[in-house]
> 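Quick one: structure below, then a few questions.
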Amino acid sequence: MFGLKWFRLVLISASDAVSKGYADAIVATLQSPHDNLGVYIAHHYSEVNWNMTEAEVDAMFQAIKDESRIIVMVVPETDLRRYMLRAAALSMTAGDYQFVFVKTTLPSESDFQRLATTSIWQKGDGHDAAAKQAFRNVLYVVFGNTHDDIGGWHQLAKEAAARVYPAGSSNMPDLYEPDKYSIYLHDAILLYAKVLNTTYVPTPTRPLSGAVIAKTTSSISFNGLSGLVLMSVHADRYPGVAIYDLIENDTFAEAAHLHYDLVNGKPESDSLVGIFRWGDGRTNQEYIPPDVPVCGFHGELCIEETASQVGLYVGLSVGMVGLLFVLLLIFRFWRREREINNMGWKIPFNALDFEAGKRNRSLTNFSNRLNKSTKSLGTDRQTEYTYGQTTLTDSFSEAIQKQEHSSVAIARFKRSVVAVKHIRKKKIATTDRTLLKEMKMLLDLKHNNVTTLRGVCTDPGHICVLWEYCAKGSLQEILDNDDIKLDTMFKLSLAIDICKGLEYIHRSELRFHGGLQSSTCVVDSRWTCKLTDFGPRYLMNGAELDPNESEEHRYRALFWTAPEFLKKALTKRMRVGSPAGDIYSFGVVAMEIVTREPPYQTMDLTAEEIIRNVLIPKDGLLCRPKFSALSDSFPAAKQIGGIQRLVERCWNEDSSFRPTAKTVLKVLNKINPYKKANVIENMITMMEKYSNQLEDLVDERTAQLEEEKRKTESLLYRMLPRKIAEQLRIGMPVQAEAFEMVTIYFSDIVGFTSIAAASTPLQIVGLLNALYTVFDDTIKHFDVYKVETIGDAYMIVSGLPEKNGNKHVTEMASVSIALLNVVRHFKIPHKPTAQLEIRIGLHSGPVVAGVVGLTMPRYCLFGDTVNTASRMESNGQALKIHISNVTNGLLKEDDRFKISERGEMDIKGKGKMTTYWLDGFESEEDFRTLTRKANSIDIDLQSASTLDIGHTNLSPEADQEPEYKTKPFKTPQLPSAFDIQKQNSALSDIFDPADDFDPEEY
């Protein structure tokens, strides 16, 4: 039943005693709470009389149709054909119904012979065809031993009678054929006798109980007259059962059986399930008739839908989808309107601290005077942030009075330095929808080569725009400063950065810059060039002219404007432009980068005359800036010729023939001879070039270069341990080194996934940078080495690369307490009310350390100690320090630390481990000492100079490093463009005709 998934049955049993007994046994077994077979008897038609009329039988079968598809019949075999004929008459023999006949008598040899013929259904009464089809739906079940040959017991019974009653005895009863049930009586008595022989001991004080007899039967087995006798622990005999099915030759054959045999003194089942053939010709390998119809007895599970219902459902579905779509549009419109109407960009004028900008300017001017002759690009020089001829003044109003045209001042706003550009308007309507939409568009612009708009001050009389501050100043200033030497790599890098920014703007909703000049290209502390001053156009359009600005300067400001926009720029005070116009402006800027001269420098004309010649070509000749003769520091070569050809294409009078920003970027990458070199190689090559120039410099220049070299080495020592860096610097191979005992620290941020999901990528970078900057400054005061940070994970070690005896464990414990104290007071920049939590794990043991890789080499640790330390961290808890048993044992030698046992834990890959919590110091004085030590960390977030990462703001320890007697670091010489051309004269043409136009541009 279970294999066929039949759990709902109907039982029909006859009224004779044998059938009634079998039926009651079946019901008791199926309903037994001990067996819990899960089979449900929907209806038991009990004591069915053999002389029922056909109408009564039909009524019973009609009722069964609504109760089950599986009918178990416990009736005499002589009545089976009659019932099956009535089932056929009621169309119940087509394979949908399955009848299970249970034979109520022990099978004899003649019974098996009859099953092998057609006599069980064939009677020659004209109903044989219906009977044959009906019996194809019958499974014939036989209980008893059907495999062992037990027919010889008849002769044994006669021989036993002869021994008891000798021939001629007057007490000899009449000779009858032995009853077939007598063999089971014989085996039962024999079993009882064997049990008595095993259990009975004739002791008056120890009576024999039934429980003992029942328990002993499970250990008794023997071959009786009825076959092998095997008993279960419940004192029941293991049964034998066989199932017969009508096969293709219309006779019954065994399809399945279950018997038990004795194997190695234990009962084992011998079961076989063959092929069952159903009434429709299919087999159990293809299909099994269900006990309940697929659609239910009354079709309630398969409700047929009318055309109107289908139409209704389709209409409702379409309506719901349409409603959801409308709601989505409404939501998007509402969200966009909320973002447009968000006034977070409005900044009050009194929130700007111009005194901080004044202090920053004074420090910048002092630095400029001190480093006036500096040649290195890695200096900490802070330039004045200007556009054109703008000069910073003591206050914003003074900057406006002293400017020659549009000015930019420096101020501090919310602990960051910003560039403030004044807009000559008395007042603006902040509720104007055009302004609101443009502000949202500008605030959404995020790119590495585009400055970020920080906000707008809308106070009457003080209307200004706040931009991201870039420490190196404008590109125009850098090009005008002869003390800054720019080689081929940096010139191409600046041009590529500008082109990347233009490409991003052209792909954005802004569409074009409209005011690209060398003064609107600014350089940050990492020497990345960015575009600025590209909006808001709503504020720029209609702005008043500066009365102090001369006509000459106004015309000079138009040198970068494309010819098609010069007329509008002269007659209307508004920002106009197009992507093609930006490409024209880029050509002028590229010419400035290459020649390091202002445009039209070689022409002996006034600015007004130049603009009029550009607007109306004289004698058919286009007026464009000239490429002057190149200096020896940048010899004319194929690269310069390629740049000149590119610039000439950008200056095409017909804007439709100018290349797109994407094409220009592709050409610049072809021109760039350093595109295959990585940043480290370029830096090393650049340093070698400058070191070769030291022979011709005076002692002062040599000292300045040595200072830059020392800073570079200091940066290298931050990337690798000093000992390893020294070995690499002098060209020695770095061998892996084994350390017998170190302590490793792992930590990560609890709930980092949730924080990341609720934050922007820039916010996550800002969070990790702020946190690990504090961590880095904290660990400088301890004898530990930072290995790496991966995502939110932070790893440090003590005891290597310099061995420190047993100090490693106490140093690591102290730094862990210090970092935990730092985290408790740390504020997430974009979620200041949330408490940041970290997990810390410590473990001590042996490791092997070495440098891995050539490009960006890493100092890595290997060994099981690293894995165990990581497990300590991952199995730790928030704001707690989890330590291993080894670390605990080492810390016990120092009585300053407070440790509590966590208990035994199942650590992945390690099994059971006893771990501990490091709770802090035993003494408050030790904690105060650690706090004073940690408070000595000086991270001046208020200083504008800290925004210029990688310059003079090195640690105090770096400033006091002793001089080393090793020779200066010599690196390969940077090849010039002339050298590249000389070495490879077969360079292919840098221009591809397919590069001239980009169908995606307009």
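These numbers come from the heavy atoms of this one structure, side chains and all, not from hydrogens, waters or symmetry mates.
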> Taking side chain as C-beta onward, heavy atoms only, is Pro659 less than 4.5 Å from Cys650?
yes
> Test your reading of the model: is there a side-chain donor-acceptor pair from Arg511 to the backbone of His506, 3.5 Å cut-off?
yes
> Rounded to the nearest 0.5 Å, what's the gap from SG on Cys529 to CG on Asn448? Could you check?
11.0 Å
> Grab the two heavy atoms, one from Phe565 and one from Gly581, that are nearest each other, plus how far apart they are.
CE1-CA, 4.1 Å
> Compute whether any side-chain donor of one residue and acceptor of the other, for Ser519 and Gln517, lie under 3.5 angstrom apart.
yes
> How about Ile616: does its CD1 atom have over 12 heavy atoms from other parts shown lying under 6.0 Å from it?
no
> Do Tyr469 and Phe413 have side chains that approach each other closer than 4.5 Å (heavy atoms only, starting at C-beta)?
no
> Would you mind checking if Lys666 and Glu503 are paired as a salt bridge, meaning a charged N to carboxylate O distance below 4.0 Å?
no
> Where do Leu622 and Glu653 land on the side chain to side chain contact (heavy atoms under 4.5 Å, CB included) test, with the steps shown first?
CA-CA 8 Å; Leu622 299 180; Glu653 188 74 11; 3.4 Å; yes
> Assess whether atom NZ of Lys440 is packed by more than 12 heavy atoms of other residues, nucleotides or ligands within 6.0 Å.
yes
> Taking the side chain as everything from C-beta on, heavy atoms only, tell me whether Pro761 gets closer than 4.5 Å to Lys446.
no
> Does any non-hydrogen side-chain atom of Cys470 lie less than 4.5 Å from one of Lys530?
yes
> How many angstroms lie between CG in Leu445 and OG1 in Thr451, if you round to the nearest 0.5 Å?
9.5 Å
> If you compare all heavy atoms of Phe559 against all heavy atoms of Tyr584, which two are closest, and at what distance to 0.1 Å?
O-CE2, 4.4 Å
> Decide, yes or no, whether a salt bridge links Glu592 with Arg596 under the criterion of side-chain N to carboxylate O below 4.0 Å.
no
> So, Glu551 and Arg554, do they make that salt bridge, N to O below 4.0 Å?
yes
> Has Arg433 got its NZ or CZ under 6.0 Å from the middle of the six-membered ring of Tyr538, at an angle within 45 degrees of the ring axis?
no
> Could you walk me through whether Val594 and Phe627 pass side chain to side chain contact (heavy atoms under 4.5 Å, CB included), step by step?
CA-CA 8 Å; Val594 172; Phe627 275 83; 4.2 Å; yes
> If I compare all heavy atoms of Leu352 with all of Cys464, which pair ends up nearest, and what's the gap?
CD1-SG, 4.4 Å
> Compare every heavy atom of Thr520 with every heavy atom of Gly515, then report the nearest pair and how far apart it is.
O-OG1, 3.1 Å
> If every non-hydrogen atom of Val450 is compared with every non-hydrogen atom of Glu468, which pair is closest and at what distance?
O-OE1, 4.2 Å
> Drop me the distance from Asp497's CG to Phe490's CZ, to the nearest 0.5 angstrom.
10.5 Å
> Any idea how Phe349 and His462 line up, ring-wise: parallel (<30°), tilted (30 to 60°), or perpendicular (>60°)?
parallel
> Does Thr528 offer a backbone N or O that forms a donor-acceptor pair with the side chain of Asp524 under 3.5 Å?
yes
> Does any non-hydrogen side-chain atom of Leu442 lie less than 4.5 Å from one of Glu438?
yes
> Check whether Asp582 reaches the backbone of His513 with its side chain - one donor and one acceptor, N or O, closer than 3.5 Å.
yes
> Under 4.0 Å between a Lys/Arg side-chain N and an Asp/Glu carboxylate O for Glu564 and Arg658?
yes
> Apply side chain to side chain contact (heavy atoms under 4.5 Å, CB included) to the pair Ile611 and Glu608, showing each step before the final yes or no.
CA-CA 5 Å; Ile611 293 301; Glu608 181 179 359; 5.9 Å; no
> Indicate yes or no: does Glu544 engage Lys425 in a salt bridge with an N to O separation below 4.0 Å.
no
> If only atom types and distance count, is the side chain of Asn769 paired as donor or acceptor with the main-chain N or O of Val765 below 3.5 Å?
no
> Starting at CG of Leu453, measure out to CE of Met439 and round the result to the nearest 0.5 Å.
4.5 Å
> Does any non-hydrogen side-chain atom of Ile643 lie less than 4.5 Å from one of Leu492?
yes
> Before we go on, tell me: are the rings of Phe586 and Trp651 under 6.0 Å apart, centre to centre?
no
> If only atom types and distance count, is the side chain of Arg649 paired as donor or acceptor with the main-chain N or O of Val664 below 3.5 Å?
no
> Regarding Asn449 and Tyr504, is there a side-chain donor-to-acceptor distance under 3.5 Å anywhere?
no
> Are the side chains of Thr595 and Gln601 in touch, meaning some heavy atoms are under 4.5 Å apart?
no
> Would you compute the distance between atom CG of Leu531 and atom CG of Leu475 and round it to the nearest 0.5 angstrom?
10.5 Å
> What's the separation between atom NZ in Lys670 and atom CG in Leu665, rounded to the nearest 0.5 Å?
12.0 Å
> Show the nearest heavy-atom pair for residues Gly587 and Val647, with the distance to one decimal.
O-CG1, 3.4 Å
> Taking only Lys NZ, Arg NE, NH1 and NH2, and the carboxylate oxygens of Asp or Glu, determine whether Asp533 and Lys421 approach each other closer than 4.0 Å.
yes
> Given side chains that start at C-beta, do those of Glu609 and Thr606 come closer than 4.5 Å, heavy atoms only?
yes
> Walk me through it: do Val456 and Leu466 pass the test side chain to side chain contact (heavy atoms under 4.5 Å, CB included)?
CA-CA 6 Å; Val456 174; Leu466 277 62; over 6 Å; no
